[in-house]
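Working notes for the structure below.
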Amino acid sequence: MTVTICTWNINSVRLREPIVLDLLRQEAPDILCLQETKSPVDKIPVEGFAALGYTHMVARGQKGYNGVAILSRLPIEDAGQIDFCNKGDARHVAARMADGTLIHNLYIPAGGDEPDREVNEKFGHKLDFLTELRDRFREGRPQRAILVGDLNIAPREDDVWSHKQLLKVVSHTPIEVEHLGNAQEAGGWVDVTRQDIPEGQLYSWWSYRAKDWDAADRGRRLDHVWATPDLASGAGGSRILRAARGWEKPSDHVPVFASFTL
DNA sequence: ATGGTAGGTCCCCTA
């Protein structure tokens, strides 16, 4: 069976319920992983999602910040969350599919503006989060697993509009790229998007602050789909729905898709 | 070098 998964930082699931419904109607992924839902779980507008067939949800939330949710039209069960850095943040949740496949939905801290942990504790938090992620994957190498989410790092030169101009900008600094690479390597994770689309500029986020995001095209690839090698070998169909950045009341991130043979 | 936009909450935080 082929399963299509989509990841999308929605920047408030309540405000953007209409475009979530649009995405589900137009693209009909089997599973949609959302980040930055910014909502307690019991206030996520699930009725409309269920009416379109997405009757399963595994989620974590808090009042004003963070929040992750996995919507599915296939049965999933709650596989728990990891409280990275012991802060009580809703930045991770996992779901298990009927065949045993584990799906991790992650929202890695943005890290603030200054890429120096001595003066910016948010940057330190981001690096510590990534180190903890690495250590968890070192403890037990994941199998039959998919990891998606807003990782808030654009690792490759062609994942940003200007490698040179972003080297000291949080999301593309060498230390962040190194930390992300260590976590990826520790778990044996394959970057499915780049396995499918190995060449060329690829972005999933454009700032709200640009005058004309489309014309300027100063994007970054912050949203990722990873899989363990056993699943990556049967993966394909990766794409990034750039058009969603131009939708009514858009998120600053767009949906990223991949399909898996399970 | 700077400020630009967006969302949520309770007047300022985060991205």
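Residue numbering restarts at 1 for every chain, and letters A, B, ... go by the order of the sequence lines.
Under the rule for a salt bridge (charged side-chain N to carboxylate O under 4.0 Å, His left out), A:R16 has no partner lying at least two apart in sequence or in another chain. Considering only residues two or more places apart in sequence or on other chains, A:Y54 meets the side-chain hydrogen bond (donor to acceptor under 3.5 Å, both in side chains) condition with none of them. In terms of the side-chain hydrogen bond (donor to acceptor under 3.5 Å, both in side chains) criterion, residue partners of A:W205 (sequence neighbours excluded) are, by chain and number, A:D252. Residues passing the ring pair (Phe, Tyr, Trp, His ring centres under 6.0 Å) test with A:F129, sequence neighbours excluded: A:F84. Residues passing the side-chain hydrogen bond (donor to acceptor under 3.5 Å, both in side chains) test with A:R14, sequence neighbours excluded: A:S39. A:Q195 pairs by the side-chain hydrogen bond (donor to acceptor under 3.5 Å, both in side chains) definition with nothing, not counting sequence neighbours.
Within residues 215-224 of chain A, no residue is approached by DNA chain B to less than 4.0 Å at the level of any non-hydrogen atom. Shown for residues 157-170 of chain A: no residue has heavy atoms falling under 4.0 angstrom of DNA chain B.
B:dT14 sits 15 Å from B:dC10 when the C1' atoms are compared, rounded to a whole Å. Here the separation of B:dC12 from B:dA1, taken at their P atoms, is 29 Å to the nearest Å.
Under the salt bridge (Lys or Arg N to Asp or Glu O under 4.0 Å) criterion, no residue pair touches residues 163-173 of chain A, with sequence neighbours excluded. Every pair passing salt bridge (Lys or Arg N to Asp or Glu O under 4.0 Å) that includes a residue from residues 186-201 of chain A is listed here, sequence neighbours excluded: A:D158-A:R194, A:D159-A:R194, A:D191-A:R221.
Rounded to a whole Å, the CZ atom of A:R16 is 16 Å from the P atom of B:dT5.
Figure legend: A:R117 and A:F123 shown without cation-pi pairing, the cationic atom not lying both under 6.0 angstrom from the six-membered ring centre and within 45 degrees of its axis.
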Which atom pairs, donor and acceptor, lie under 3.5 Å between side-chain atoms of residues 177-186 of chain A and protein residues at least two apart or in another chain?
unit_1	atom_1	unit_2	atom_2	d
A:H179	ND1	A:I175	O	2.9
A:N182	ND2	A:E178	O	3.4
A:Q184	NE2	A:W189	O	3.2

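At the phosphate of B:dG7, neither OP1 nor OP2 sits under 4.0 Å from any side-chain N or O atom of A:R14.
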Its contact letters, B for base, S for sugar-phosphate only and - for none at protein heavy atoms under 4.0 Å, make nucleotides 10-15 of chain B read S--BSB

